[in-house]
Amino acid sequence: MTGTIVDVPGVKVGHAQNEEALTGCSVIMLDRPSVCGVDVRGSAPGTRETDLLDPVNLVNAVHAICLSGGSAYGLDAATGVMQYLEEQGIGLEVGFGVVPIVPAAVLFDFAVGDHRVRPDRAMGFQAATAASNEACPQGNVGAGTGATVGKLNGFANAMKSGLGSASITLPNGLVVGALVAVNAVGHVMEPENGQILAGPRDDEGNIKDSVEVMKAHTFSPIPPGTNTTIAVVASNATLTKAEAKKVAQMAHDGLARTIRPIHTMFDGDTIFAVATGGIETSVDLIGTLSADVLAEAVIQAVKSAKAAGGLPSHSSIHR
């Protein structure tokens, strides 16, 4: 077991990134069509195929999920994933070929690197081609390549974040995993003790509490278009679409435990919940464990990140 989302049977992950432009995408590839739900809590989302995941709508399974930088432009990466799947003959049979179902969500990473370079069809295809069940790399990789946190004291005083993953395995064979790109406006903290791991810095470089920074302003200091945390939680449970949506809702608790503030007007926080099937268990258990592993994945995203784009990281400050 790797301690990452690929421990979930039927799940592979691939990444592609431009390390100079500081942007990239991550693809969760599924060995077979799998039930998926979604829950969007941020008020400025960039998403694709999320309406399809509503339990009242027709299609019951997805073939992959794409997480990307590049703001709305980065949604084009999902087209590359579709291209890869179509070439493999994988997708929804429509009588005239296949249509791969690839929901996607994006984050805003233009503030670092080169904003003129965005994840595109070619990068999505590259990430899909690279998908494997080897331990998921973390930090400045894939959708987390340009991710940052702690922007409430100006972007120059922000910190570098990244991509994180975690998993848990129970004795009955149930596996729950999470993959997250942490691009929050606020700070990231340890849920057990409230220790701030990365957040806004003052002029002396001290990390501050984002909520205290907000209290000091008479207006919202959140800079538009600099945020959004996007994630996938996965399990080998057998779920319906409605149950998967409930799991996605419960998984947001993992973000609330580790990120402050969360779900703001300038965030597009989105969580997909996918179930590959095989284990019968309660929705409450899956949702609870999903929140736990997502919280751990957020911590890993920050601790694994390296300084980049002129911004320090947790690891560069706490050497």
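The basis for the numbers below is simple: all heavy atoms, side chains too, and nothing from hydrogens, waters or symmetry mates. Owing to the predicted nature of the structure, the values given are computational and were not obtained by experimental measurement. Numbers for residues simply follow the sequence, beginning at 1.
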J.: Would you call Glu243-Lys246 a salt bridge at under 4.0 Å N-O?
T.: no
J.: Could Glu190 and Lys303 be called an ion pair, given the rule that one side-chain N must be under 4.0 Å from one carboxylate O?
T.: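 Salt bridge: yes.
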J.: Could you pull out the closest heavy-atom pair between Thr276 and Pro9, with the gap in Å?
T.: OG1-O, 2.9 Å
J.: Taking the side chain as everything from C-beta on, heavy atoms only, tell me whether Leu152 gets closer than 4.5 Å to Val185.
T.: yes
J.: Just wondering, do Lys160 and Asn140 contact through their side chains at under 4.5 Å, heavy atoms?
T.: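 Yes, at least one pair of side-chain atoms sits under 4.5 Å.
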J.: When you measure from the side chain of Lys241 to the backbone N and O of Val35, does any donor-acceptor pair fall under 3.5 Å?
T.: no
J.: Drop me the distance from Ile168's CD1 to Met1's CE, to the nearest 0.5 angstrom.
T.: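 One finds 10.5 Å between CD1 of Ile168 and CE of Met1.
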J.: Using atom types as modelled and distance alone, determine if a side-chain donor or acceptor of Ser34 lies under 3.5 Å from a backbone N or O of Val274.
T.: no
J.: How far does OG of Ser161 sit from NE2 of His314, to the nearest 0.5 angstrom?
T.: 11.5 Å
J.: Do Thr228 side-chain atoms and Gly268 backbone N/O form a donor-acceptor pair below 3.5 Å?
T.: yes
J.: According to a hydrophobic-cluster definition based on side-chain heavy atoms being under 4.5 Å apart (Ile, Leu, Val, Met, Phe, Trp, Tyr only), do Val81 and Val106 belong together?
T.: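 Result: no, two separate clusters.
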J.: Take Asn153 and Lys208, measure what side chain to side chain contact (heavy atoms under 4.5 Å, CB included) needs, and give me the verdict at the end.
T.: CA-CA 9 Å; Asn153 201 28; Lys208 312 301 289 185; 5.6 Å; no
J.: Looking only at atom types and distance, does a side-chain atom of Lys245 sit under 3.5 Å from a main-chain N or O of Val38, one as donor and one as acceptor?
T.: yes
J.: Within a radius of less than 6.0 Å around CD of Glu87, do more than 12 heavy atoms belonging to other residues, nucleotides or ligands occur?
T.: yes
J.: Take a 6.0 Å sphere around CD of Glu134 and say whether it holds more than 12 heavy atoms from other residues, nucleotides or ligands.
T.: no
J.: Would Val59 and Glu49 count as a side chain to side chain contact (heavy atoms under 4.5 Å, CB included) if you check the C-alpha gap in whole Å, the side-chain angles of each, and the deciding distance to 0.1 Å?
T.: CA-CA 11 Å; Val59 176; Glu49 297 281 37; over 6 Å; no
J.: Over 60° means perpendicular and under 30° means parallel, so tell me whether Tyr73 and Phe110 are parallel, tilted or perpendicular.
T.: tilted
J.: Do Thr79 side-chain atoms and Arg121 backbone N/O form a donor-acceptor pair below 3.5 Å?
T.: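 Pair absent, no side-chain N/O of Thr79 close to backbone of Arg121.
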J.: For Ala184 and Ile259, work out which heavy atoms get closest and say how close.
T.: CB-CG2, 3.5 Å
J.: Let me check something: do Leu67 and Leu52 share a hydrophobic cluster, defined by ILVMFWY side-chain heavy atoms less than 4.5 Å apart, either directly or through other members?
T.: yes
J.: Can Thr2 and Asp7 be said to form a side chain to side chain donor-acceptor pair (under 3.5 Å), step by step?
T.: CA-CA 6 Å; Thr2 68; Asp7 293 337; 2.9 Å; yes
J.: Between the side chain of Thr238 and the main-chain N/O of Gly278, is any donor-acceptor distance below 3.5 Å?
T.: yes
J.: For a 4.5 angstrom cut-off between non-hydrogen side-chain atoms, does Tyr84 reach Ile90?
T.: no
J.: With rounding to the nearest 0.5 Å, note down the distance linking CG in Asn133 to NZ in Lys12.
T.: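 Reported to 0.5 Å precision, the distance equals 5.5 Å.
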J.: Are Leu30 and Val6 connected, step by step, through hydrophobic side chains (Ile, Leu, Val, Met, Phe, Trp, Tyr) whose heavy atoms are closer than 4.5 Å?
T.: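 In one cluster: yes.
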J.: Side chains of Gln138 and Leu163: does their closest heavy-atom pair fall under 4.5 Å?
T.: no
J.: Any side-chain heavy-atom pair from Gln249 and Ile271 closer than 4.5 angstrom?
T.: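 No - every pair of side-chain heavy atoms lies 4.5 Å or more apart.
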J.: I'd like to know if the side chain of Thr229 and the backbone of Val182 have a donor-acceptor N/O pair within less than 3.5 Å.
T.: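 A pair under 3.5 Å: no.
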J.: Of all the heavy-atom pairs spanning Val149 and Gly186, show the shortest one and how long it is.
T.: CB-O, 3.7 Å
J.: So which of Asp39, Leu239, Val176 actually passes side chain to side chain contact (heavy atoms under 4.5 Å, CB included) with Val247?
T.: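 Answer to the side chain to side chain contact (heavy atoms under 4.5 Å, CB included) test with Val247 among Asp39, Leu239, Val176: Leu239.
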J.: Please check if Leu92 and Ile65 belong to a single hydrophobic cluster, counting links between Ile, Leu, Val, Met, Phe, Trp and Tyr side chain heavy atoms closer than 4.5 Å.
T.: yes
J.: Are Phe272 and Thr50 packed together at the side-chain level, in the sense that at least one heavy-atom pair is separated by less than 4.5 angstrom?
T.: yes
J.: Give a yes or no answer on whether the side chain of Asp267 reaches the backbone of Thr264 with a donor-acceptor pair at less than 3.5 Å.
T.: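 Side chain of Asp267 to backbone of Thr264: a pair is present.
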J.: Report the C-alpha distance between Cys136 and Leu179 in whole Å, list the side-chain angles of each, state the deciding distance to 0.1 Å, and finish with yes or no for side chain to side chain contact (heavy atoms under 4.5 Å, CB included).
T.: CA-CA 9 Å; Cys136 181; Leu179 181 75; 3.6 Å; yes
J.: Check the pair His187 / Asp209 against side chain to side chain contact (heavy atoms under 4.5 Å, CB included), numbers first and verdict last.
T.: CA-CA 7 Å; His187 64 259; Asp209 184 311; 3.4 Å; yes
J.: Taking the side chain as every heavy atom from C-beta outward, state whether Met250 and Thr288 have any pair of such atoms under 4.5 Å apart.
T.: yes
J.: Under a 4.5 Å side-chain heavy-atom rule over Ile, Leu, Val, Met, Phe, Trp and Tyr, are Met82 and Val94 clustered together?
T.: yes
J.: Say you draw a straight line from NE2 of His63 to CE of Met29; how long is it, rounded to the nearest 0.5 Å?
T.: 10.0 Å
J.: Without swapping roles, check the side chain of His217 against the backbone of Val213 for a donor-acceptor pair under 3.5 Å.
T.: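 Answer holds: yes.
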J.: On a heavy-atom basis, which atom in Ala308 and which in Leu22 lie closest, and how many Å separate them?
T.: CB-CD2, 4.1 Å
J.: For the OG atom of Ser315 and the CE atom of Met159, what is their distance to the nearest 0.5 Å?
T.: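 Ser315 atom OG to Met159 atom CE measures 8.5 Å (nearest 0.5 Å).
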J.: Side chain to side chain contact (heavy atoms under 4.5 Å, CB included) with Leu289: which of Leu294, Leu174, Thr281?
T.: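 Exactly one option meets the side chain to side chain contact (heavy atoms under 4.5 Å, CB included) with Leu289, and it is Leu174.
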J.: Looking at Ser313 and Ala305, would you say the former's side chain and the latter's main chain have a donor-acceptor pair under 3.5 Å?
T.: yes
J.: Which value, rounded to the nearest 0.5 Å, describes the distance between Leu255 atom CG and Arg41 atom CZ?
T.: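 Going from CG on Leu255 over to CZ on Arg41, the span is 9.5 Å.
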J.: What's the shortest heavy-atom distance between Leu85 and Ala64, and which atoms?
T.: CD1-CB, 4.1 Å
J.: Does His263 have more than 12 heavy atoms from other residues, nucleotides or ligands lying within 6.0 Å of its NE2?
T.: yes
J.: Taking the side chain as every heavy atom from C-beta outward, state whether Leu107 and Asn227 have any pair of such atoms under 4.5 Å apart.
T.: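 Answer no - side chains too far apart.
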J.: Mark yes when over 12 heavy atoms from residues, nucleotides or ligands other than Arg32 sit less than 6.0 Å from its CZ; otherwise mark no.
T.: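 Atom CZ in Arg32 is crowded, with more than 12 foreign heavy atoms closer than 6.0 Å.
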J.: Inspect the contact between Asp76 and Arg48 and indicate whether a charged nitrogen and a carboxylate oxygen are less than 4.0 angstrom apart.
T.: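 Judged by the 4.0 Å cut-off on N to carboxylate O distance, Arg48 and Asp76 do not form a salt bridge.
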J.: Nearest heavy-atom pair of Pro103 and Val62: which atoms, and what distance?
T.: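 Residues Pro103 and Val62, closest heavy atoms: CG-CG1, 3.7 Å.
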